[in-house]
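Atom set for the values below is all heavy atoms of this structure, side chains included, hydrogens, waters and symmetry mates excluded. For ligands, and for the atoms within them, numbers begin at 1 and follow the listed sequence.
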Amino acid sequence: MHELSIIRSIIDIALRHAEGRRVTAVEVGVGRWSNIEPSCLDFYFQGMIAETSLEGASLRILEVPLRAECAECETQFEPEDMVFYCPACGSRLTEVISGKELRVKAIEVAYED
Ligand SMILES: [Zn+2]
């Protein structure tokens, strides 16, 4: 039920920013390593937006690749695996800088005359 609480907060954020306008799309960035199943997100999203000003909105999911930075030489790279070394100096002192997050990036609202 991890996805359910995530969807609830995505909807809260979108509603807050929409300020009563009708929302047509919500764009979220989902890290490749966030442990979130994108198809689950869409399913819950569609189920929970009925009778809100988000009704009919689509959920756009952008996959954010995993990026890490070496703590020793500051090289940034995209590891293929969860166990990785710096490709420049071989150090294991690396830090994940993106790819684990989930973030609302944009909402699209309808402007009605
Ligand atoms: Zn390095």
Would you mind writing out the side-chain donor-acceptor pairs for residues 73-83 within the sub-3.5 Å range, not counting sequence neighbours?
residue: Gln76; atom: OE1; partner: Arg67; partner atom: NH2; Å: 3.4
residue: Gln76; atom: NE2; partner: Glu69; partner atom: OE1; Å: 2.9
residue: Glu78; atom: OE2; partner: Arg67; partner atom: NH1; Å: 3.3

Name the atoms and distances for all side-chain donor-acceptor pairs under 3.5 Å in residues 9-20, with sequence neighbours left out.
residue: Ser9; atom: OG; partner: Ser5; partner atom: O; Å: 3.4
residue: Ser9; atom: OG; partner: Ile6; partner atom: O; Å: 2.9

Inset, instruction - Is it possible for you to say whether Leu62 and Phe45 belong to one hydrophobic cluster, with membership spreading through side-chain heavy-atom contacts below 4.5 Å? - result: no

Legend entry - the Zn ion (ligand 1): protein N, O or S atoms [distance under 2.8 Å]: Cys70 SG, Cys73 SG, Cys86 SG, Cys89 SG

Inset, instruction - Return yes when atom OH of Tyr85 has more than 12 non-hydrogen atoms of other residues, nucleotides or ligands closer than 6.0 Å, and no otherwise. - result: no

Inset, instruction - Report the distance from atom CZ of Phe43 to atom CD1 of Ile7, rounding to the nearest 0.5 Å. - result: 11.5 Å

For residues 89-107, which side-chain donor-acceptor pairs fall under 3.5 Å, sequence neighbours excluded?
residue: Ser91; atom: OG; partner: Glu72; partner atom: OE2; Å: 2.9
residue: Ser91; atom: OG; partner: Leu93; partner atom: N; Å: 2.9
residue: Glu101; atom: OE1; partner: Gly99; partner atom: N; Å: 2.6

